**Q** 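Input: one structure, supplied below.
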Amino acid sequence: MTVNTPQPRPGAAWNAVPRMGQGFFWQDLQVGQQLRTFRRTVTESDLVAFINATGMLEAIFIEEGYDGGAIAGRPVPGAMTYALIEGFILQSMIQGTGLAMLELHQKILGPVLVGDTIEALVEVTAIKPTSKGNRAVVTSRIEVFNQGHQKVMEYTAVRLLAGRS
C-alpha cells in the first residue's frame, strides 16, 4: 500500500522544513558554552592524502624513521591536525551558518603522530552582534587533545556566524 504524502515544494513551506546537520546560529550560543568534538584516529592514509594534496613533501612527513627528525614516530603536520579539527567544527557547529573565518591565532604544543586519536574542546569566549542583526562575530578558544588527554594544540578562531532572520 502506497501512501501519498504531500511533499514540500520550494518556497515558504520548503524553507520551513528543518535542515539536517544545520550548525548553530549565533543566537544559539552563549559565552562560556563548551562543546566537544568527535574523536578521530589519524591514519597513514590521512597523512599521505594530506601531504599529497598540500605539497608538504618534507622528509619528516614522507620518510618513515627519518634520521634528521626531532620527533620519534610518524609525525603529521600541525596544519593537518588543525584541518581535521576544523572539519569536525564545520560539520557539527557551523555547517550552513558559518559565513567567514576572520582571524586565527594558533599555537602547537606537542606532536600528533600517525595512530594518535585527537579531539577538541571548543569554548565560546565572545559574541558581538554586528550592525546587521542577523550576523555576529563569535570568538572561540579551541583546545586539541590526544588520546592521553595531552594538549597538543590550542587556537583562537574569530568567525562571522549567521543569525536567525
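Here the structure is a predicted model, which is why all the values come from computation and not from measurement.
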**Q** What distance separates Ile85 CD1 from Ile89 CD1, expressed to the nearest 0.5 Å?
**A**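 Answer rounded to 0.5 Å: 7.0 Å.
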
**Q** Closer than 3.5 angstrom, by distance alone: can the side chain of Thr125 be matched with the main-chain N or O of Thr139 as a donor-acceptor pair?
**A**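 Yes, Thr125 side chain to Thr139 backbone: donor-acceptor pair under 3.5 Å.
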
**Q** For Arg135, enumerate each residue passing the salt bridge (charged side-chain N to carboxylate O under 4.0 Å, His left out) test, keeping only those at least two apart in sequence or located in another chain.
**A**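 Arg135: no salt bridge (charged side-chain N to carboxylate O under 4.0 Å, His left out) contacts found.
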
**Q** Is there a donor-acceptor pair closer than 3.5 Å between any side-chain N or O of Ser140 and the backbone N or O of Ile142?
**A**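 No: the side chain of Ser140 does not pair with the backbone of Ile142.
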
**Q** For the CG atom of Leu35 and the CE atom of Met93, what is their distance to the nearest 0.5 Å?
**A**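 Leu35 atom CG to Met93 atom CE measures 5.5 Å (nearest 0.5 Å).
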
**Q** Roughly how far, to the nearest 0.5 Å, is the OG1 atom of Thr41 from the CG atom of Asp46?
**A**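 One gets 9.5 Å once the value is rounded to the nearest 0.5 Å.
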
**Q** Between Ile71 and Ile118, is there shared hydrophobic-cluster membership here, with clusters defined by ILVMFWY side-chain heavy atoms closer than 4.5 Å?
**A**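 No, separate clusters.
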
**Q** Check the hydrophobic clustering (I, L, V, M, F, W, Y; side-chain heavy atoms under 4.5 Å; chains of links allowed) and say if Phe145 and Val42 are grouped together.
**A**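 They do not share one cluster, since no chain of ILVMFWY contacts under 4.5 Å joins Phe145 to Val42.
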
**Q** Would you compute the distance between atom CZ of Arg40 and atom OG1 of Thr117 and round it to the nearest 0.5 angstrom?
**A**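 Between atom CZ of Arg40 and atom OG1 of Thr117 there are 10.5 Å.
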
**Q** Please confirm whether the backbone N or O of Phe24 pairs with a side-chain atom of Thr97, one donor and one acceptor, at under 3.5 Å?
**A**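 Yes; judged by distance alone, with no hydrogens or angles, the pair exists.
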
**Q** Between Glu119 (side chain) and Asn146 (backbone), is there a donor-acceptor pair under 3.5 Å?
**A**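 Flag not set: sc Glu119 to bb Asn146 has no pair under 3.5 Å.
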
**Q** Between atom CZ of Arg36 and atom CZ of Phe88, what is the distance when rounded to the nearest 0.5 Å?
**A**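 It is 11.5 Å, given to the nearest 0.5 Å.
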
**Q** Under 3.5 Å, sequence neighbours excluded: what are the donor-acceptor pairs made by side chains of residues 54-62?
**A**
from	atom 1	to	atom 2	distance (Å)
Thr54	OG1	Phe50	O	2.9
Thr54	OG1	Met56	N	3.3

**Q** Considering residues at least two apart in sequence or located in another chain, which fulfil the salt bridge (charged side-chain N to carboxylate O under 4.0 Å, His left out) criterion with Glu154?
**A**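 Counting only residues at least two positions away or on another chain, Glu154 forms a salt bridge (charged side-chain N to carboxylate O under 4.0 Å, His left out) with Lys151.
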
**Q** Could Glu86 and Arg159 be called an ion pair, given the rule that one side-chain N must be under 4.0 Å from one carboxylate O?
**A**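 Here Glu86 pairs with Arg159 in a salt bridge, since their nearest N and O are under 4.0 Å apart.
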
**Q** How long is the straight-line distance from CG of Leu109 back to OH of Tyr155, given to the nearest 0.5 Å?
**A**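 Answer rounded to 0.5 Å: 13.0 Å.
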
**Q** Return the minimal non-hydrogen interatomic distance between Ala136 and Pro129, and the atom names on each side.
**A**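 What the structure gives for the nearest pair is CB-CA, 3.7 Å.
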
**Q** Does the pair Leu160 and Met101 meet the rule for a side chain to side chain contact (heavy atoms under 4.5 Å, CB included), with working shown?
**A** CA-CA 6 Å; Leu160 184 63; Met101 173 70 85; over 6 Å; no

**Q** What pairs meet the side chain to side chain donor-acceptor pair (under 3.5 Å) rule with one or both residues in residues 104-116, with sequence neighbours excluded?
**A**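 Passing the test, one end in residues 104-116: Glu103-His105, Asp116-Gln147.
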
**Q** Any idea which heavy atoms bring Gln95 and Gln91 closest together, and the distance?
**A**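 Gln95 and Gln91 have their closest heavy atoms at CB-O, 4.0 Å.
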
**Q** Please test Val48 against Asn52 for side chain to side chain contact (heavy atoms under 4.5 Å, CB included), starting from the C-alpha separation and ending with a verdict.
**A** CA-CA 6 Å; Val48 170; Asn52 283 331; 3.4 Å; yes

**Q** For the residue pair Ile51 and Pro77, what are the closest heavy atoms and their distance?
**A**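 Ile51 and Pro77 have their closest heavy atoms at CG2-CG, 4.2 Å.
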
**Q** Kindly state each residue pair satisfying side chain to side chain donor-acceptor pair (under 3.5 Å) with at least one member in residues 59-82, sequence neighbours excluded.
**A**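 Listed by first then second residue: Glu44-Arg74.
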
**Q** According to salt bridge (charged side-chain N to carboxylate O under 4.0 Å, His left out), who are the partners of Lys128, at least two apart in sequence or on a separate chain?
**A**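 Lys128: no salt bridge (charged side-chain N to carboxylate O under 4.0 Å, His left out) contacts found.
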
**Q** Apply side chain to side chain contact (heavy atoms under 4.5 Å, CB included) to the pair Leu29 and Val138, showing each step before the final yes or no.
**A** CA-CA 9 Å; Leu29 299 170; Val138 177; 4.2 Å; yes

**Q** Shared ILVMFWY cluster between Leu104 and Val137, side chains joined below 4.5 angstrom?
**A**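 No, separate clusters.
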
**Q** Which is it for Gln34 and Leu121 under the side chain to side chain contact (heavy atoms under 4.5 Å, CB included) test, yes or no, and what are the steps along the way?
**A** CA-CA 7 Å; Gln34 293 184 330; Leu121 179 67; 3.9 Å; yes

**Q** Treat each ILVMFWY residue as a node, draw an edge where side-chain heavy atoms are under 4.5 Å apart, and state whether Leu99 and Leu90 are in one component.
**A**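 No.
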
**Q** Please name the pair of heavy atoms, one in Val152 and one in Pro111, separated by the smallest distance, quoted to 0.1 Å.
**A**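 Scanning both residues, the minimum pair turns out to be CG1-O, 3.8 Å.
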
